[in-house]
Amino acid sequence: MNIGIVGLGLIGGSLGLDLKALNEHTITGVSRQSSTCQRAIQRGAVDDAHPDLMAVTSADIIFICTPIASIIPTLQKLVPHLPPTTIVTDVGSVKASVVHSAESVWANFVGGHPMAGTAESGIEAALTGLFVDRPYVITPTQSTPSTSVSVLETLVRSLKSNLYICAPEDHDRAVAWISHLPVMVSSSLITSCLDEPNQDVFQLAQALASSGFRDTSRVGGGNPELGVMMARYNKCEVVRSLKTYQAELSKLTQLIETENWPALEAVLQQTQQTRPQFL
Ligand code: NAP
């Protein structure tokens, strides 16, 4: 197949590396900077790459791998130049808002989200095998052409990813629980600690912080742009999950205030038993 990749960063570059390694496809990349394009060619992520978006208009399938805010503007620039057979997909971490806007612009659009990444970004961060054994969620709607879903499914399976197919809204609600809510919770843990008014105690806490704090604060100490992106593009589901979390925190607070130790133990037993179901 002729495959186009727009946005040669961590995700676009990694997709290129693995799709090209199959020796079944011709891969053309687009990225704004010529230096990114040259590096993607050198790294073997693409056969050819250009800063001009028109370079991918003859592809059979185009992966838009730009930051979320640029997905729809990129699609809008592409569509006047595409035949109706061209499948366009994206890799954005939030799906409902992207998919519904995209399919109003291009009927042959299939939403996707490869759930793999690192803390790094850009073409140098691209990794071979990034998607192996990781979830790749495809989010068709009732109007998505089933043949196009099948084409993307075949490519995803060739990456050795674990394929999931669900509605965009279900994807966004699920990732709110396991990805977006943890970022907000972890951030508020850190800001709560910053509220300690006694400087001696504050410094002691900093000195004593160890593995428990490292585990629970990790995602709150990550890239702020990503956190804002989650809240901005998945606002309803992030707010819903935060409200449920607030209610659960209030219940725990009340159990402790009323010294209801058996009930507190029952909650902690339940969470101890059910945590493995998520991991
Ligand atoms: P990234 O490493 O920053 O890569 C994005 C690349 O896109 C940049 O290197 C940039 O290179 C290029 N770019 C930016 N705007 C562009 C535009 N308008 N047209 C063409 N190229 C453009 O970011 P990423 O982590 O790969 O994320 C890309 C997408 O993947 C996002 O939508 C994100 O939601 C999704 N995603 C990310 C992760 C993750 O863990 N990072 C996981 C799954 C999905 P130039 O400067 O050369 O243009």
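All values reported here derive from a predicted model rather than from experimental measurement.
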inquiry  = So for atom CD, which belongs to Glu225, do other residues, nucleotides or ligands contribute more than 12 heavy atoms lying within a distance under 6.0 Å?
reply    = no
query = Are more than 12 heavy atoms from other residues, nucleotides or ligands located less than 6.0 Å from atom CD of Glu265?
reply =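 Atom CD in Glu265 is not packed in, count stays at 12 or less.
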Donor-acceptor contact below 3.5 Å, side chain [X] vs main chain [Y]:
X: Ser14; Y: Leu130; answer: no
X: Asn234; Y: Val94; answer: no
X: Lys95; Y: Gly111; answer: no
X: Gln33; Y: Ser35; answer: no
X: Asn260; Y: Ala263; answer: yes
X: Asp18; Y: Thr128; answer: no

Taking C-beta and beyond as the side chain, do [X] and [Y] meet within less than 4.5 Å on heavy atoms?
X: Trp106; Y: Leu78; value: no
X: Ser186; Y: Val183; value: no
X: Thr139; Y: His113; value: no
X: Phe63; Y: Asp90; value: no
X: Val99; Y: Thr141; value: yes
X: Val6; Y: Val56; value: yes
X: Leu252; Y: Val267; value: yes
X: Val46; Y: Thr28; value: no

Pairwise salt bridge (Lys or Arg N to Asp or Glu O under 4.0 Å) hits with a residue in residues 35-50, at least two apart =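 Listed by first then second residue: Lys20-Asp47, Arg39-Glu124.
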query = Quick one: do the Thr191 and Ser188 side chains pair a donor with an acceptor below 3.5 Å?
reply =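 No, no side-chain donor-acceptor pair sits under 3.5 Å.
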query = Between Glu169 and His100, does a side chain to side chain donor-acceptor pair (under 3.5 Å) hold up when you go through it step by step?
reply = CA-CA 10 Å; Glu169 291 76 13; His100 295 305; 2.7 Å; yes
request  = Check the pair Thr244, Ser241 against side chain to side chain donor-acceptor pair (under 3.5 Å), reporting the backbone distance first and the verdict last.
outcome  = CA-CA 5 Å; Thr244 303; Ser241 65; over 6 Å; no
remark   = Of Val185, Ile190, Leu189, the one forming a side-chain contact (heavy atoms from CB on, under 4.5 Å) with Thr216 is Leu189
